[in-house]
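Convention: sequence-line order gives letters A, B, ...; per-chain numbering from 1. Any value given below was found using the heavy atoms of this structure, including those in side chains, with hydrogens, waters and symmetry copies removed.
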Protein chains: 2
Amino acid sequence: MEETKKVKVLVVDDHPLMRVGIAAIINATPDMTAVAQTGSGEEAVKLFDQYRPDITLMDLRLPGMSGVNAIRTIRSRHAQARFVVLTTYEGDEDIHQALAAGAQGYMIKGMPHEALIDALRRVHAGGRFLPQPIKLALASRTPDADLSSRERQVLALLVGGKSNNEIAAELGITEATVKCHVSVILRRLNVSDRTQAVVVALQRGLLHL
Amino acid sequence: MEETKKVKVLVVDDHPLMRVGIAAIINATPDMTAVAQTGSGEEAVKLFDQYRPDITLMDLRLPGMSGVNAIRTIRSRHAQARFVVLTTYEGDEDIHQALAAGAQGYMIKGMPHEALIDALRRVHAGGRFLPQPIKLALASRTPDADLSSRERQVLALLVGGKSNNEIAAELGITEATVKCHVSVILRRLNVSDRTQAVVVALQRGLLHL
DNA sequence: TCCAGCATCAGACTTTCGTCTGATTCGCAG
DNA sequence: CTGCGAATCAGACGAAAGTCTGATGCTGGA
């Protein structure tokens, strides 16, 4: 068995136990090896520079720098870098962001681990890998889902449970303007009041608690 | 090394990769062995009967029967059964429920895996194990947090984004009564409107999306 | 037995929410 | 250059939401 031919994988996940499991699966595959692992996005960037893995297996929910930002940062320096995102399914927004950032594969924690190896193989071969449910979630995305930055700002405050008045104070604008933004947000998210807006924002992963 | 002296652990988690990691850590510990594993609460009950493990490592978020219900079911038949809950921290309610159901230990995914072994040892020795942040979360719990079953029902509909009117229709009561329930819920959760109620309910794990 | 708590309802009142109409400014793409 | 969309504000309106007072029936524990 020639070591140099093994596919080098960098594992990024904030759960140590999960990293152990992933590494075990990868290292049990004869032509793959987990060369390094970490629980932080910042360290992932450093480790990538150091080990130049063929594929990076990346969780999105990380303390500090998010997985998406880590992908963006690494890709800005290494355009050929390939990523498989590994996460518990948390709404279509995460998926969309990750793919936009340059991920080639998406794997859901909780799928049988053969699927993980399959995904790694396909992505390493230059292809893509998206599970069926992920494809469906992306297909059902309406383009209206993209809010302006100001609207996302207001939505964040809505999720914080703020009233129109408080939001106005916090943003230094009038309540009338806030109402206007809220109305637009409701239309874009296709809901009829702020409570529903909060629920779908959390469901779709537009914001995190 | 005498096999019969090993501490037998049953692993219950719906993420296969996580199970692999947990089992690897346990089996790497000389005096412990992961005798069985599953991703479902129902199967956990069967496997317990079959293997009689010394400790069951239980995730709370499972498809089908919840981890808490699995603990309750197993305990009703085997009062001496010991449990360590292993979960991503999702609010004080889960913890409270799990301990009330009879768990002796609580471990957060994302802690170093030495801590897991430590927890298993202590619980197997007849003790308890609660990480510091968990203790704090439990300490800051107000007794007001317990809602009546009717109130929980209303809260669930609030989280569903329903209006008072829709809730009234769904429960077959008057809107006046719904308003009354909502008022009580707001006071109990210590918030001032339904949107905030939804947010804290999700934060504290009173309800799941 | 009696009180406390839960669930139910009603009316009235204030505040907030959400919509609508209409208007101004700014930057950017065609 | 022109127009479109974002962001800003205003006023006014109806519809919800939330509070308060007060009242009834039921259950279960002290």
Could you tell me whether B:R61 and B:E90 have a side-chain N and a carboxylate O separated by less than 4.0 Å?
yes
Does A:K109 pair with B:D14 as a salt bridge, N-O distance under 4.0 Å?
no
Could you give the CD1-to-C1' distance, from A:I185 to D:dA6, as a whole number of Å?
13 Å
What parts of residues 168-178 of chain A reach DNA chain C, counting only heavy atoms under 4.0 Å away?
none
Protein within reach of the bases, or only the backbone? For nucleotides 19-30 of chain D, mark each nucleotide 5' to 3' as B, S or -, using heavy atoms under 4.0 Å.
B-----------
B:R121/B:D31 ion pair, N-O < 4.0 Å
yes
Taking five pairs at each terminus, the helix from C:dT1-D:dA30 to C:dG30-D:dC1 shows an axis bend, to 10°, of 40°
Contacts of B:Q37 that satisfy side-chain contact (heavy atoms from CB on, under 4.5 Å) - sequence neighbours left out:
B:V11, B:R19, B:A23
Establish, with yes or no, whether the OP1 or OP2 oxygen of D:dG5 is under 4.0 angstrom from a side-chain nitrogen or oxygen of A:S148.
no
Nucleotide C:dC6, atom P - distance to CZ of B:R152 in whole Å
12 Å
Check step by step if side chain to side chain contact (heavy atoms under 4.5 Å, CB included) holds for A:L47 and A:T56.
CA-CA 10 Å; A:L47 289 175; A:T56 302; over 6 Å; no
Sub-4.0 Å heavy-atom contacts from residues 156-167 of chain B onto DNA chain D, ordered by number
B:S163, B:N164
Below 3.5 Å, can you tabulate the donor-acceptor pairs from side chains in residues 152-159 of chain A to any protein atom, sequence neighbours excluded?
{"residue": "A:R152", "atom": "NH1", "partner": "A:L147", "partner atom": "O", "Å": "2.8"}
{"residue": "A:Q153", "atom": "OE1", "partner": "A:R150", "partner atom": "NH1", "Å": "3.0"}

Quick check: closest heavy atoms across B:I117 and B:M32, and the distance to 0.1 Å?
O-CE, 4.1 Å
Using side-chain contact (heavy atoms from CB on, under 4.5 Å) as the criterion, point out the one residue from B:T29, B:I22, B:I26 that pairs with B:V9.
B:I26
Do the ring planes of A:F48 and A:F83 sit parallel (below 30°), tilted (30 to 60°) or perpendicular (above 60°)?
parallel
For a quick test of reading the model, state the closest non-hydrogen atom pair linking A:D94 to A:Y106 and the distance between them.
CB-OH, 4.0 Å
What is the distance, to the nearest angstrom, from the CZ atom on B:R194 to the C1' atom on C:dC17?
11 Å
Just the rounded figure in Å: distance from C1' of D:dG18 to CG of B:D193.
10 Å
Please determine whether a side-chain nitrogen or oxygen atom of B:H181 lies at a distance below 4.0 Å from atom OP1 or OP2 of C:dT8.
yes
Which heavy-atom pair separates A:K162 from A:R194 by the least distance, and what is that distance?
O-NH1, 3.0 Å
A side-chain contact here means heavy atoms from C-beta on lying under 4.5 Å apart; do B:K135 and B:P131 qualify?
no
With a cut-off of 6.0 Å (strictly less than), are more than 12 heavy atoms of other residues, nucleotides or ligands near CG of B:D49?
yes
Distance test, side-chain N/O of B:R150 to OP1/OP2 of C:dT8, below 4.0 Å:
yes
